[in-house]
Chemist: 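Below is one structure. I have some questions about it.
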Number of protein chains: 2
Amino acid sequence: MAIRPAEQLIHKAAWLYYAHGLRQDEVASQLNISRASVAMYLRKARETGIVNISTSTQLFTDDVMARKVEDAFGLDAVWIAPENAYLADPSTDIAVLAASVFLELVKKGDRIGVAWGRTIYTIADIMSFADLQDVTVVQLCGNLGAPYSYRPDQCTMEIARRLNAKGLNFYAPLVLSTEGLAKSLRAEPVIRDQLAGIADCDLALYSVGAVDADSHLVKCGALSPAEMETLRSQGAAGVIAGQIIDARGEVLDCSYNRRVISAELASLRAIEKRLMVVQEDTKFEPLLSAIAGGLCTHLVIGAHMAERLLQHAAAATRKAS
Amino acid sequence: MAIRPAEQLIHKAAWLYYAHGLRQDEVASQLNISRASVAMYLRKARETGIVNISTSTQLFTDDVMARKVEDAFGLDAVWIAPENAYLADPSTDIAVLAASVFLELVKKGDRIGVAWGRTIYTIADIMSFADLQDVTVVQLCGNLGAPYSYRPDQCTMEIARRLNAKGLNFYAPLVLSTEGLAKSLRAEPVIRDQLAGIADCDLALYSVGAVDADSHLVKCGALSPAEMETLRSQGAAGVIAGQIIDARGEVLDCSYNRRVISAELASLRAIEKRLMVVQEDTKFEPLLSAIAGGLCTHLVIGAHMAERLLQHAAAATRKAS
DNA sequence: ATGCAAATTTGACTTTTGTCGAGAGCCGTG
DNA sequence: CACGGCTCTCGACAAAAGTCAAATTTGCAT
């Protein structure tokens, strides 16, 4: 892609305005265009990631509670969004924080694995634009045909778009009707390569799903509420990248899982930075399972969830002693 | 340093404004303070590096000329500030670009070596603030007593301040009166450690000085114009971190150099990223020497200088064939 | 060439933001 | 406890930035 003259102009305007600190009208006269155009270019510059405005997430890690959670569960880093506070919609707060944290963790040249779900899509949606070079965003699991606005491929593509990165989609359904078909499909070169490439990621972004009738798996028709209930009784504790995990954070041995096309947990664990974001308080059990299974090294949660985690850890310690 | 309540407020305001995209009056009502205060907090947030506004320097590397210079001299990356263009003062343009490039190259946990000079101080002066963690800025050479506003320690400290980093100063004069004293001083544990630590840097920032009466070495009284002239006739081609180098980019064998307390060129070459910034067109020869000596991997120059470099490279190629 | 649609640019208007001096609160000191 | 000196905060005004519909240019297919 050659640099179009328009892009050049955007860049110059952004440079004069943000780097040199000129005012818009000064920029306008420098470039011989109207101030209104400058304003427009600047907006584009922000939307393209030519300029980057990021706020430090330091404060949220500095929190004592965050430190405690890190220690209690052996995580690399924890960010806690203060639910009590500021905003009308606290769940947005977590997503905004997650987006900032995510952008802070991404580096040039990285390969990033992205799962799917409402949480992830919300993050993608509010994430600001960046101009990373040589970044690849790969989809961690197969697709769902449902007319959901946050399909796996959508999440991947949207994040890739925001990062000015390359998006690598998974051209396979998440769930197949027979185990045999799933096995054959997994053996297909295209799919196999994609699956193999997951362990090479530097960063993964996912959430964890609950095992109930509200799950996306149910809403998308991959599983019926009754099946979900059965799985639950068989030990299902959460959903990671479309797969059912048990309380230890291992893949549950069930037909459904064998019919799924998704990243193997071992591949996920091979990823250096595993950023997990949990918005809903109801996902306490699933989160515990995911942590138990070593599926997360970096965690973004709300204050309430943090408290529950700490209570749980304290109780476990008491029991042990 | 505990988080003072004021800092907390600044952080919250910055968060709501920049991350959530609220307007200042909305932030004000959320935090129950006046909008004017919010505006003030936001300014502080920018000045502290809690929020980071950076513009991509992509465009300046994308330039065909920059690529040519990279190829011709085997450099890792070159940025060219278009002199013709926009700004009243073209030399500022180079400094602004250099500051952006520098901030782009710095990573958390880095150790950064900083030399001194008008160029470096200008860069420090216009550089925006950042909130890097665990960054150490070390001074590459001894100090000059002169009442210059851009003394080595000033450059180091100012850059450290902007980055919220730790500044490690050199408590020794740049030049001593006898070689013996210099040798003894270099053997002092404090100084020796500092010198030894230079090779561990991840990034160096310096310029190159010209060997003439305008040199800082002359202005600060380290050398007289006559001495400078003599050195020049002996093969002096440039000044790096207070040391005289010859046309091959090696330390010139002279009394002055033996009396200097500064980073050894070998230590500088051990630094992975060596960012050299040259503002003045008159520094063409010194720059060539520095490049020849492998003292720079990353280069920020003006368009005019770039042209001269390319012309030189072309001439050399012609001569060779 | 010609006409049409899409994109770009602009001037005029509105909203948002920056700034300044006045006043309020706070603290150590005499 | 009254006093200056200090910082922090606010209201009001000025400056700057955002927005929109109309005008212009551009690109493209006819």
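These figures come from a predicted structure and were not determined experimentally. In what follows, every chain begins at residue 1, and chains take the letters A, B, ... in the order their sequences are listed.
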Chemist: Nearest whole angstrom, please: distance from the P of dA17(D) to the CG of Leu16(A).
Modeler: 13 Å
Chemist: In this structure, how many angstroms lie between the C1' atom of dC10(D) and the CG atom of Asn32(B), rounded?
Modeler: 14 Å
Chemist: At less than 3.5 Å, do the side-chain atoms of Arg35(B) and the base atoms of dG18(C) form a donor-acceptor pair?
Modeler: yes
Chemist: To the nearest Å, how far apart are Gln24(A) CD and dT14(C) C1'?
Modeler: 15 Å
Chemist: Verify the distance criterion only: is there a donor paired with an acceptor across the side chains of Thr57(A) and Trp79(A) at less than 3.5 Å?
Modeler: yes
Chemist: Just compare dG18(D), dT9(D), dC20(D) and give me whichever is closest to any side-chain atom of Tyr41(B).
Modeler: dT9(D)
Chemist: Check every atom of dG11(C), dG11(D), dT8(C) against the side chain of Lys44(A) and return the nucleotide holding the closest atom.
Modeler: dT8(C)
Chemist: Looking only at heavy atoms, which two atoms of Ala306(A) and Met65(A) are closest? And how far apart?
Modeler: CB-SD, 3.4 Å
Chemist: OH of Tyr17(A) versus P of dA16(D): gap in Å, rounded?
Modeler: 10 Å
Chemist: Evaluate the side-chain proximity of Val114(B) to Tyr206(B): yes if any heavy-atom separation is below 4.5 Å, no if none is.
Modeler: no
Chemist: Considering heavy-atom distances to DNA chain D, does Asp25(A) or Met40(B) have its closest nucleotide positioned more toward the 5' end?
Modeler: Met40(B)
Chemist: Pick the closest DNA chain C nucleotide for Arg23(B) and for Ile33(A) by heavy atoms, then say which residue is nearer the 5' end.
Modeler: Ile33(A)
Chemist: For Tyr41(A) and Arg46(A), what are the C-alpha separation, side-chain angles and deciding distance, and is it a side-chain hydrogen bond (donor to acceptor under 3.5 Å, both in side chains)?
Modeler: CA-CA 9 Å; Tyr41(A) 285 148; Arg46(A) 284 185 300 260; over 6 Å; no
Chemist: Between dT10(C), dG18(D), dC10(D), which nucleotide has the shortest distance from any of its atoms to the side chain of Ala39(A)?
Modeler: dG18(D)
Chemist: Figure out the CG/P separation between Leu22(B) and dT17(C), and round it to whole Å.
Modeler: 10 Å
Chemist: Could you tell me the separation between the CD1 atom of Ile10(A) and the C1' atom of dT9(C), rounded to a whole number of Å?
Modeler: 14 Å
Chemist: From dT9(C), dT19(C), dC8(D), pick the nucleotide closest to the side chain of Ser37(A)?
Modeler: dT9(C)
Chemist: Roughly, in whole Å, what's the span from CG in Leu42(B) to P in dT17(C)?
Modeler: 9 Å
